[in-house]
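Take a look at the structure set out below.
Predicted model only: the values in this text are computed from it and were never measured. Quick note on labels: first sequence line is chain A, next is B, and so on, each numbered from 1.
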Number of protein chains: 2
Amino acid sequence: MTGIPSPPAIKAWARLMRVSRQLLERAEDALKDSGLPPLAWYDVLHELAEAGEGGLRPFQLTERTLFAQYNISRLLARLEADGQVEKLPVADDGRGQTVRVTDKGRETRRRMWTVYGRSIAELVGSWLSNDELDALSALLGRLRDPPAPE
Amino acid sequence: MTGIPSPPAIKAWARLMRVSRQLLERAEDALKDSGLPPLAWYDVLHELAEAGEGGLRPFQLTERTLFAQYNISRLLARLEADGQVEKLPVADDGRGQTVRVTDKGRETRRRMWTVYGRSIAELVGSWLSNDELDALSALLGRLRDPPAPE
DNA sequence: TCTATATAGATGCATTTGCATCGATCGTCA
DNA sequence: TGACGATCGATGCAAATGCATCTATATAGA
């Protein structure tokens, strides 16, 4: 019975898609303009930095970042080729590996954050109050992880 | 002075990016599962349908859809090859052309909407009340079209 | 233990995107 | 009118994405 979306739903959807695309593009542009790698690198380096010395398995990264499995596989290959991460065999699972961020990777993340963080502040932080930002987060949170259509 | 984003700004940004990506993926999957073309086709067909008989110039489509110019160029080539749109020379500008949706294109849009609309209803409409959806639209509207960084 | 099935991760191939640039026409200004 | 910069749209080439599938290891069940 939810076949036809209400006008407010359509409008919210349209704005959500449009605004997120636009802001994402701005953030990517800012990184490019500073000669820094794309946001996808940041996402992975960030997760790995949070994970600490233990590192993460690639499949854990696919869960956390929403990138497709083959995408993570290739992204990690690029990051490794560039010395940003290192892959270690994992003892109790011969199929897998553990990925750990290197010092260079940590430094890359730090440099990216100075630009990325500024983008966030400019694109979002300077237009809404903290209360409004919290309200936005709360509303978006209700749309998160909707149950997959069986 | 807006160099460092506040925690609420970071959280709102993260949710915005994550939720929009996730919902977009769901909507795309639903179309694929029904054997329908990707959302990009819908966006263009929708704009052209709204424009009516007069059609639109490609550069107008790039403005309205946020797709890059070369992207629109190739998307239109694919749509034309598939008979969804037709390109007409435009009288008063020898460089340009006018793009108009065909009957087939209108039919494609209609069929896509039955699936796409249901996705919107399920992914957004069923989780927030209309008032909440309006509040979300209003907040997102404040983030729209931020002035480009010079 | 042996077999069947599931999971981790990589990869070949086609499609799409991004980037730079091009050819063509338009508009402006001398 | 003629020259010049701007705009419209297309395109060659490289990189990234999507899709299907593959290899290898792990796990469950007879």
Side-chain angles (χ1 to χ4, degrees), chain A residues 21-22 24-44 47-48 55-82 84-100, chain B residues 21-22 24-44 47-48 55-82 84-100:
Chain A
R21 253 199 293 180
Q22 196 169 327
L24 191 61
E25 200 183 310
R26 290 280 172 83
E28 292 277 18
D29 286 349
L31 287 171
K32 248 174 290 186
D33 291 349
S34 301
L36 292 167
L39 267 179
W41 285 38
Y42 183 88
D43 290 343
V44 168
E47 292 297 337
L48 291 177
L56 286 176
R57 302 280 299 269
F59 74 89
Q60 294 177 298
L61 282 168
T62 71
E63 291 165 3
R64 300 181 193 204
T65 61
L66 302 187
F67 289 121
Q69 180 269 320
Y70 54 79
N71 236 327
I72 285 290
S73 177
R74 285 171 173 143
L75 188 43
L76 288 175
R78 277 174 252 152
L79 286 166
E80 186 187 27
D82 205 56
Q84 308 280 352
V85 305
E86 55 189 353
K87 295 180 176 177
L88 310 165
V90 51
D92 60 338
D93 188 340
R95 294 167 302 184
Q97 54 194 275
T98 292
V99 183
R100 210 163 54 184
Chain B
R21 254 199 294 179
Q22 196 169 326
L24 190 61
E25 201 183 309
R26 289 281 172 83
E28 292 277 17
D29 285 348
L31 287 171
K32 249 174 291 185
D33 291 349
S34 301
L36 292 166
L39 267 179
W41 285 38
Y42 184 88
D43 290 343
V44 168
E47 292 298 336
L48 291 177
L56 287 176
R57 302 280 301 268
F59 75 89
Q60 294 178 298
L61 282 168
T62 71
E63 290 166 3
R64 301 180 193 204
T65 61
L66 302 186
F67 289 122
Q69 180 269 321
Y70 53 80
N71 237 326
I72 285 290
S73 176
R74 286 192 247 228
L75 188 44
L76 288 176
R78 277 174 252 152
L79 286 166
E80 186 187 26
D82 205 54
Q84 309 279 352
V85 305
E86 55 189 352
K87 295 179 176 178
L88 312 165
V90 51
D92 61 335
D93 187 341
R95 294 166 301 183
Q97 54 195 269
T98 291
V99 183
R100 210 165 52 184

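- Nearest nucleotide to the B:Y70 side chain, out of D:dA10, C:dT11, C:dC19: C:dC19.
- Considering only side-chain atoms of B:N71, the nucleotide from C:dT25, C:dG9, C:dT17 that sits closest is C:dT17.
- Taking atom CD1 of residue B:I72 and atom C1' of nucleotide C:dG18, one finds them 15 Å apart after rounding to whole Å.
- Straight-line distance from the NZ atom of B:K87 to the P atom of D:dG9: 10 Å, rounded to whole Å.
- The residue among A:D93 and B:K32 whose nearest nucleotide of DNA chain D is located toward the 5' end is B:K32.
- Where A:D92 and B:R74 meet DNA chain D, the nucleotide closest to each residue was compared, and B:R74 sits on the side nearer the 5' end.
- Residues B:D29 and B:K32 are paired through a salt bridge, judged by an N-O separation under 4.0 Å between the basic side chain and the carboxylate.
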Item to complete: Given side chain to side chain contact (heavy atoms under 4.5 Å, CB included), test B:L36 with B:Y42 step by step and report yes or no.
Response: CA-CA 10 Å; B:L36 292 166; B:Y42 184 88; over 6 Å; no
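- Residue contacts for A:Q69: at a heavy-atom cut-off of 4.0 Å it reaches a base atom on one of the strands shown.
- Looking only at side-chain heavy atoms (C-beta outward), B:L56 and B:V99 stay at 4.5 Å or farther from each other.
- We find that CD of A:E63 is positioned 8 Å from P of C:dA8, with the value rounded to whole Å.
- In this structure, the CG atom of B:L66 is 16 Å from the C1' atom of C:dT17, given to the nearest Å.
- Fit an axis to the five pairs at each end of the helix from C:dT1-D:dA30 to C:dA30-D:dT1 and the two axes sit 20° apart, to the nearest 10 degrees.
- One N or O on the side chain of A:D93 and one on the backbone of A:R95 form a donor-acceptor pair closer than 3.5 Å.
- Residue-to-nucleotide proximity on DNA chain C shows that, of B:A68 and B:G94, the 5′-proximal contact is made by B:A68.
- Atom CZ in B:R21 sits roughly 14 Å away from atom C1' in D:dT17 (whole-Å rounding).
- With hydrogens and angles ignored, the 3.5 Å screen pairs a side-chain donor or acceptor of B:R57 with a backbone N or O of B:Q97.
- Regarding B:L76, its CG atom lies at a distance of 15 Å from the P atom of D:dC8, rounded to whole Å.
- One atom, CD of A:Q97, and another, C1' of C:dA8, lie 9 Å apart when rounded to the nearest Å.
- The distance from atom CZ of B:F59 to atom P of C:dC26 is 13 Å, rounded to the nearest whole Å.
- Under the 3.5 Å distance criterion, the side-chain polar atoms of B:E47 are left unmatched by any main-chain donor or acceptor of B:V44.
- With distances taken from any side-chain atom of B:R95 to the nucleotides C:dT17, D:dC8, C:dA8, the minimum falls on D:dC8.
- B:F67 carries A:R21 over the face of its six-membered ring, with the cationic atom under 6.0 Å from the centre and within 45° of the normal.
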